[in-house]
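Reading through the structure tokens given below for one structure.
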Amino acid sequence: QAQLVESGGGSAQAGGSLRLTCAATGYSVTTNCMGWFRQVPGKEREVVATIYRGGFNMYLNDSYSVKDRFIISEDNAKNEVYLQMNSLKPEDTAMYYCASRRGYCVTIPGEADFHYWGQGTQVTVSS
């Protein structure tokens with residue numbers, strides 16, 4: 001059975017960096033779509049980034065102006081997915097979730113497109 005475990009969240013100052021890690025067991029990050037979502041209280045979970053086959057296909061949700069700040073990547077040997085977050089802003093504060101969809105990534109991904117979820121890791125950015 002697939003299991004996704006996030007780590008690397010915590011507190012950071014605005015302008016700082018954090019690197020989130022998603023470790024997958026019983027499931028290949030290489031041959032399936034992997035993604036990062038985030039959620040703030042009272043709002044829906046929204047996609048931040050997705051990756052498929054080591055970067056053959058990637059998506060970054062620029063609603064958060066993340067294209068110049070966040071990098072999604074994966075390590076096939078470790079079966080892990082990462083979200084490198086740079087130039088953090090207070091509005092990046094959220095619970096971040098790792099998720100996976102069997103097979104390829106859809107063009108405009110949403111929460112309903114994903115089959116497996118981690119428990120989440122909190123990211124708090126102070127000004």
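When reading the values below, keep in mind they use all heavy atoms of this one structure, side chains included, and skip hydrogens, waters and symmetry mates.
- Across every non-hydrogen atom of Y97 and Q119, the tightest pair is CE2-O, 3.5 Å.
- A donor-acceptor pair is defined here as one N or O able to donate and one able to accept, closer than 3.5 Å; no such pair exists between the side chain of H115 and the backbone of R101.
- Annotation: D62, atom CG; neighbour count of heavy atoms from other residues, nucleotides and ligands within 6.0 Å is above 12.
- When all heavy atoms of T50 and P109 are compared, the pair lying nearest together is CG2-CG, 3.8 Å.
- What you find for Y27 and A24 is that their closest heavy atoms are O-CB, 3.9 Å.
- Going from atom SG of C105 over to atom CE of M58 covers 10.5 Å, rounded to the nearest 0.5 Å.
- Heavy-atom minimum distance, S87 versus D92: O-OD2, 4.5 Å.
- Summarising the geometry, atom OH belonging to Y96 is positioned 3.5 Å from atom CZ belonging to R38; distances are rounded to the nearest 0.5 Å.
- A distance of 8.5 Å separates OG1 of T93 from CG of L88, quoted to the nearest 0.5 Å.
- The closest donor-acceptor contact from the side chain of N61 to the backbone of A49 lies at 3.5 Å or more, if one exists at all.
- In terms of modelled atom types and a separation under 3.5 Å, the side chain of T121 and the main chain of G9 share a donor-acceptor contact.
- The side-chain contact (heavy atoms from CB on, under 4.5 Å) test with V29 is passed by exactly one of R53, M34, E80: M34.
- The shortest side-chain heavy-atom distance between F70 and V48 falls under the 4.5 Å cut-off.
- Hydrophobic clustering (side-chain heavy atoms under 4.5 Å, transitive across Ile, Leu, Val, Met, Phe, Trp, Tyr) keeps L60 apart from F114.
- For the atom pair OH of Y52 and CG of N32, the computed distance is 7.5 Å after rounding to the nearest 0.5 Å.
- Counting heavy atoms from C-beta on, the side chains of C98 and W117 never come closer than 4.5 Å.
- In this structure, E74 and Y82 have side chains that are not in contact, with every pair of non-hydrogen atoms separated by 4.5 Å or more.
- Using a 4.5 Å heavy-atom threshold, the side chains of T25 and N79 count as separate.
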Trace of the side chain to side chain contact (heavy atoms under 4.5 Å, CB included) decision for W36 with E6:
CA-CA 10 Å; W36 286 98; E6 303 96 334; 3.8 Å; yes
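- Residue E91 qualifies as enclosed at atom CD: its count of foreign heavy atoms under 6.0 Å is above 12.
- Hydrophobic clustering of Ile, Leu, Val, Met, Phe, Trp and Tyr side chains at less than 4.5 Å, counting indirect connections, unites I72 with L18.
- Rounding to the nearest 0.5 angstrom, the gap separating the CD atom in Q39 from the CZ atom in F37 is 11.0 Å.
- Between M85 and V123 there is a side-chain heavy-atom pair separated by less than 4.5 Å.
- Residues N86 and S17 approach most closely at OD1-OG, 3.0 Å, considering heavy atoms.
- A search for side chain to side chain contact (heavy atoms under 4.5 Å, CB included) contacts involving S7 returns T21, not counting sequence neighbours.
- Using modelled atom types, no side-chain atom of T30 and backbone atom of N76 make a donor-acceptor pair closer than 3.5 Å.
- With a 4.5 Å cut-off on side-chain heavy atoms, R69 and K89 count as touching.
- For the residue pair S100 and C33, the shortest heavy atom distance occurs at OG-O, 3.0 Å.
- The CZ atom of R19 sits 6.5 Å away from atom CD of Q84, with the distance rounded to the nearest 0.5 Å.
- In this structure, L83 and I71 have side chains that are not in contact, with every pair of non-hydrogen atoms separated by 4.5 Å or more.
- The shortest distance between side-chain heavy atoms of R102 and Y116 falls below 4.5 Å.
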